[in-house]
Every structure is written in structure tokens, then in C-alpha cells.
Amino acid sequence: MNGKDLILLPKCPHPEHGEMIARKLLGQTQEQRYCGAWYDCKEPGCSNSALIPSKEIRDLYRLD
């Protein structure tokens, strides 16, 4: 494993909310799972989300 394989958890744009939590795979479409790992803000009522692209998407769009 190299440094590119390590990630930091995404943080909500609201600094007081902190790190986001991984979205459960249950209920996600195949397309959502293929795109990568989804994270949601843990604070009630906050609808901010983030996506960490999958290796396939990074390779496809050369995001590294």
C-alpha cells in the first residue's frame, strides 16, 4: 500500500459538524456503488454528502 491508497474521511462544509460517516450499502443502486464510497454528514437535518470515487472511475477519468 502506498500513500495514494490512504484517504482522509471527508468533512462536512459546516466545521462544527466534523467528519462524515460512510453511507450504508443497503439501498444504494449498482451505479452508486460503482461510483465509489459515499459519505454523509452525521448531524441530524444536514444533507451534505461526499463521494470518494472508485478506482474504476479514477482510472476512467485519470483523477490520480
Side-chain angles (χ1 to χ4, degrees):
M1 181 160 71
N2 61 38
K4 286 186 174 183
D5 294 329
L6 300 175
I7 62 166
L8 296 174
L9 290 176
K11 293 184 180 180
C12 181
H14 302 286
E16 65 276 8
H17 291 185
E19 291 180 340
M20 295 181 168
I21 57 173
R23 186 180 292 177
K24 294 179 181 172
L25 294 177
L26 187 63
Q28 287 187 14
T29 65
Q30 287 180 329
E31 291 83 3
Q32 287 172 317
R33 289 190 300 272
Y34 171 78
C35 287
W38 290 87
Y39 291 82
D40 299 308
C41 181
K42 63 183 180 260
E43 292 297 318
C46 185
S47 59
N48 285 306
S49 296
L51 170 67
I52 296 179
S54 66
K55 180 183 180 326
E56 293 83 6
I57 294 293
R58 289 191 323 264
D59 291 347
L60 182 65
Y61 292 101
R62 298 181 185 164
L63 296 175
D64 288 328

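The neighbour count for Lys42 NZ, taken as heavy atoms of other residues, nucleotides or ligands under 6.0 Å away, is above 12.
Taking both residues in full, the closest heavy atoms of Leu51 and Pro53 are given as O-CD, 3.6 Å, listed atom of the first, atom of the second, then distance. Taking each heavy atom of Pro10 and Ile52 in turn, the nearest pair found is CD-CD1, 4.1 Å.
Considering Ser49, Ser47, Pro13, Cys12 in turn, Cys12 is the only one that fulfils the side chain to side chain contact (heavy atoms under 4.5 Å, CB included) rule with Cys41.
Taken together through direct or relayed side-chain contacts under 4.5 Å among Ile, Leu, Val, Met, Phe, Trp and Tyr, Tyr61 and Tyr34 form part of one hydrophobic cluster. By the criterion of side-chain heavy atoms lying less than 4.5 angstrom apart, applied directly or through intervening Ile, Leu, Val, Met, Phe, Trp or Tyr residues, Met20 is grouped together with Leu9 in one hydrophobic cluster.
Counting heavy atoms from C-beta on, the side chains of Glu43 and His14 never come closer than 4.5 Å.
One distance of note links CD of Gln32 with CH2 of Trp38; it measures 6.5 Å at 0.5 Å rounding.
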